[in-house]
Protein chains: 2
Amino acid sequence: MASHGTRGRGGRRPTLEEVAARAGVGRGTVSRVINGSPRVSEATRAAVEAAVEELGYVPNNAARALAANRTDAIALVVPEPETRFFAEPYFSDMLRGVGAELSETEMQLLLIFAGSDRERRRLAEYLAAHRVDGVLLVSVHADDPLPDLLGQLEIPAVISGPRSSAETLTSVDSDNFGGGRQAVEHLLARGRRTVAHITGRLDVYGAQRRVDGYREGLRAAGHVVDERLIEPGDFTEEGGRRAMTRLLERCPELDAVFAGSDVMASGARQVLREAGRRIPDDVALVGYDDSAIARHMDPPLTSVRQPIEEMGRAMIELLLNDIADSRPAVSRDLERRHAVLPTQLVHRTSS
Amino acid sequence: MASHGTRGRGGRRPTLEEVAARAGVGRGTVSRVINGSPRVSEATRAAVEAAVEELGYVPNNAARALAANRTDAIALVVPEPETRFFAEPYFSDMLRGVGAELSETEMQLLLIFAGSDRERRRLAEYLAAHRVDGVLLVSVHADDPLPDLLGQLEIPAVISGPRSSAETLTSVDSDNFGGGRQAVEHLLARGRRTVAHITGRLDVYGAQRRVDGYREGLRAAGHVVDERLIEPGDFTEEGGRRAMTRLLERCPELDAVFAGSDVMASGARQVLREAGRRIPDDVALVGYDDSAIARHMDPPLTSVRQPIEEMGRAMIELLLNDIADSRPAVSRDLERRHAVLPTQLVHRTSS
DNA sequence: AGGTACTGTGGGAGCGCTCCCACAAGTGAT
DNA sequence: ATCACTTGTGGGAGCGCTCCCACAGTACCT
């Protein structure tokens, strides 16, 4: 009921119809102009644009959404409590990439936390109401029902970190396999002979792929993979400590450790210290994630960096594709629906 | 799982009309039920609710927005680059309060950064299109054109930290006057005699109020305010350093300093150290904001805490009021449009 | 000459709601 | 019995767009 508009007649916001009247054209033509259709002559376009300018016309979004059955909004869903969101640079990096890519478009980004049960219920309603055209899902746990819900509702969605090699949702991932391999190759190249690996939780697909990369790195260099050198961790510091303890007992001769995450590397470092092994002199250590921990560790930790910001950009790109495709029923290019971005080894003094 | 909700198969979503048919009532009645109108008999309500459940009906938001001329969304506008948003706990605290209060309602929160010129242009368009019912403005600089734009567009808005005592927008603030006074009273109560004050930028209203509180604290205790003890800073660490240097030159006999922000207190601390003054033995130090800096300073800094989360809640409360009032033209209760929340002194070892 | 294919344009028919007026039925006072 | 309310209900009339069909005009074939 508000009255507004920079130069609105009588305070009401001008409608498309009024613009059409002023420009001396039909409604359809104005619609074509403001939506950038090419099927409009130059002269007409100019006339309409002038009328838009004079009246200070701004399209009514609700009417648009209703008529076109779209919302021009996508949601970034964070299935974590807010505190983690602010604490971990992963999310802000991701948000930066997403925001940058999205600013090229008219799309709007909604940030939705779904950490608590209550928030999740709200989210489910939200999605059921189709209030967004698509969803970006970051940091999803293996048993999360959210991806399936999205599938059922047929809402385009892109997930960061596929849940398996048979991920049904469009996904973006970093090259965990390549990252694992890079870590091993780096250690071997620096003259290490016995490289152990502390894995992440193996029900996380990415962790599994890092193990695969580790194996491949050894094999490609002509080494035989010694299973005793692989010890499962769980992404926690304590898990890293336990794993490192076992590895030292089992293979005291090891001279390098590749940990599946910086946090586990930190746990491993403590155990190595206590055992009197110097880093990197006696044992070289490589982590994964290139997080703040890596930079602040003593000694600074060599780590495999994932291009999080680029992953964010890639997610948007894929999602916009999916959204565009989902309107006319176009067969989707399945090969292009799983992007994998390269990792990079950041060398510091721990190796 | 029973067959409610989630019509699978991308099929059409049920409309209000279909719910009405199923429940054997008219469209208007269903609308009344889903909007919680009291003018519906118990029996009818139950029938409609059953139909809603059976069909898995969810209102179409766009249609609602178009017909009712509202969006059920409000924007939290942060006129800062994203990096600051993530770096400062101020914003996450605020967001927590806002989110908590908002989760009681059907309203949706949009987080909008307006740090760059480009982002600001986008925001202006966004607001012109009336895509939100109201706006929360945090951390606004004195010369920011945003508040005026909001006024012109007649969009309800609440600002955190009024720009002056004559703020036109609805505002929420912490009691800067009381906070300043508390700091001084605390220092005097602990036996200090000569309390200096490093102010914030005096074109920031809140900083000015802290100075007023400082004066009042001294006066109320029977002290004469010595203007030589007041030195302007600019909220930066370097500014704190400069101010402290001057104060020491001018009044070497001072035995307490109240800094208008923790960051400036940190600068002051360095200068005091270099001058060989011990904290708190020789000089007691009190900051403002109770930020992470305060907790991590050596020695931990006594500081005045602002109830940021509660401020967020209060902002939502006021905004929702404004939005409700702006629909029927009700005269607003001007007295209630400027909330001031109490501050609290957090005592640590620096005083 | 007619046929075929475009390009550019106007406007009808909705999209799914809310608002509001009309009206039936019930209640109590006259 | 009438009147004056109140309560509950149905449904018409939009809200401001997009989609799509119809059709005039032009161009280039047979």
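Order of the sequence lines fixes the chain letters, A, B, ..., with proteins taken first and strands second; residue numbering starts at 1 for each chain.
A salt bridge is defined here as a Lys NZ or Arg NE, NH1 or NH2 lying under 4.0 Å from an Asp or Glu carboxylate O, and Glu119(A) with Arg122(A) fails to meet this definition. The pair Asp93(B)-Arg96(B) counts as a salt bridge, with a side-chain nitrogen and a carboxylate oxygen less than 4.0 angstrom apart. A salt bridge links Asp322(A) with Arg337(A): at least one charged nitrogen is closer than 4.0 Å to a carboxylate oxygen.
Rounded to whole Å, the distance from CZ on Arg32(A) to P on dC17(D) is 15 Å. What separates CG of Asn61(A) from P of dC15(D) is a distance of 18 Å, to the nearest Å. Across the protein-nucleic acid pair, Asn60(A) atom CG and dC17(C) atom P stand 17 Å apart, rounded to whole Å. Taking atom CD on Glu17(A) and atom C1' on dC17(D), their separation rounds to 10 Å, with Å as the unit. Rounded to an integer number of Å, the gap from CZ of Arg64(A) to P of dC15(D) is 19 Å. The distance between atom CD of Glu42(B) and atom C1' of dT9(D), rounded to the nearest whole Å, is 15 Å. Across the protein-nucleic acid pair, Ile34(B) atom CD1 and dG16(C) atom C1' stand 10 Å apart, rounded to whole Å. Taking atom CZ of Arg131(A) as the reference point, atom P of dG16(C) lies 16 Å away to the nearest angstrom.
Not a single donor-acceptor contact under 3.5 angstrom links the side-chain atoms of Arg13(A) to the base of dG16(D). Residue side chain Arg45(B) does not reach the base of dG8(D) through any donor-acceptor N/O pair under 3.5 Å, judged by distance alone. Judged by atom type and distance alone, Arg39(B) does not reach the base of dT9(D) through any side-chain donor-acceptor pair under 3.5 Å. You'll find a donor-acceptor pair under 3.5 Å spanning the side chain of Arg27(B) and the base of dG12(D), going by distance alone.
Of the side-chain N and O atoms in Asn69(A), none sit less than 4.0 angstrom from OP1 or OP2 of dT18(D).
Two residues, Leu66(A) and Ser41(A), neighbour DNA chain C, and the one matched to the more 5' nucleotide by heavy-atom proximity is Ser41(A).
Picking from dG16(D), dT9(C), dT9(D) the nucleotide with the shortest atom distance to the side chain of Thr44(B) gives dT9(D). Among the nucleotides dC19(C), dC19(D), dG10(C), the one closest to the side chain of Ala68(A) is dC19(D). With dG16(C), dT9(D), dG16(D) as the choices, the nucleotide that has an atom nearest any side-chain atom of Thr29(B) turns out to be dT9(D). Checking dG10(C), dG14(D), dG16(D) against the side-chain heavy atoms of Ala67(B) singles out dG14(D) as nearest.
Note that CZ of Phe85(A) and CG of Leu95(B) are 8.5 Å apart. Values are rounded to the nearest 0.5 Å.
Listed by chain and number, the residues in a salt bridge (charged side-chain N to carboxylate O under 4.0 Å, His left out) with Glu125(B) amount to none (sequence neighbours excluded).
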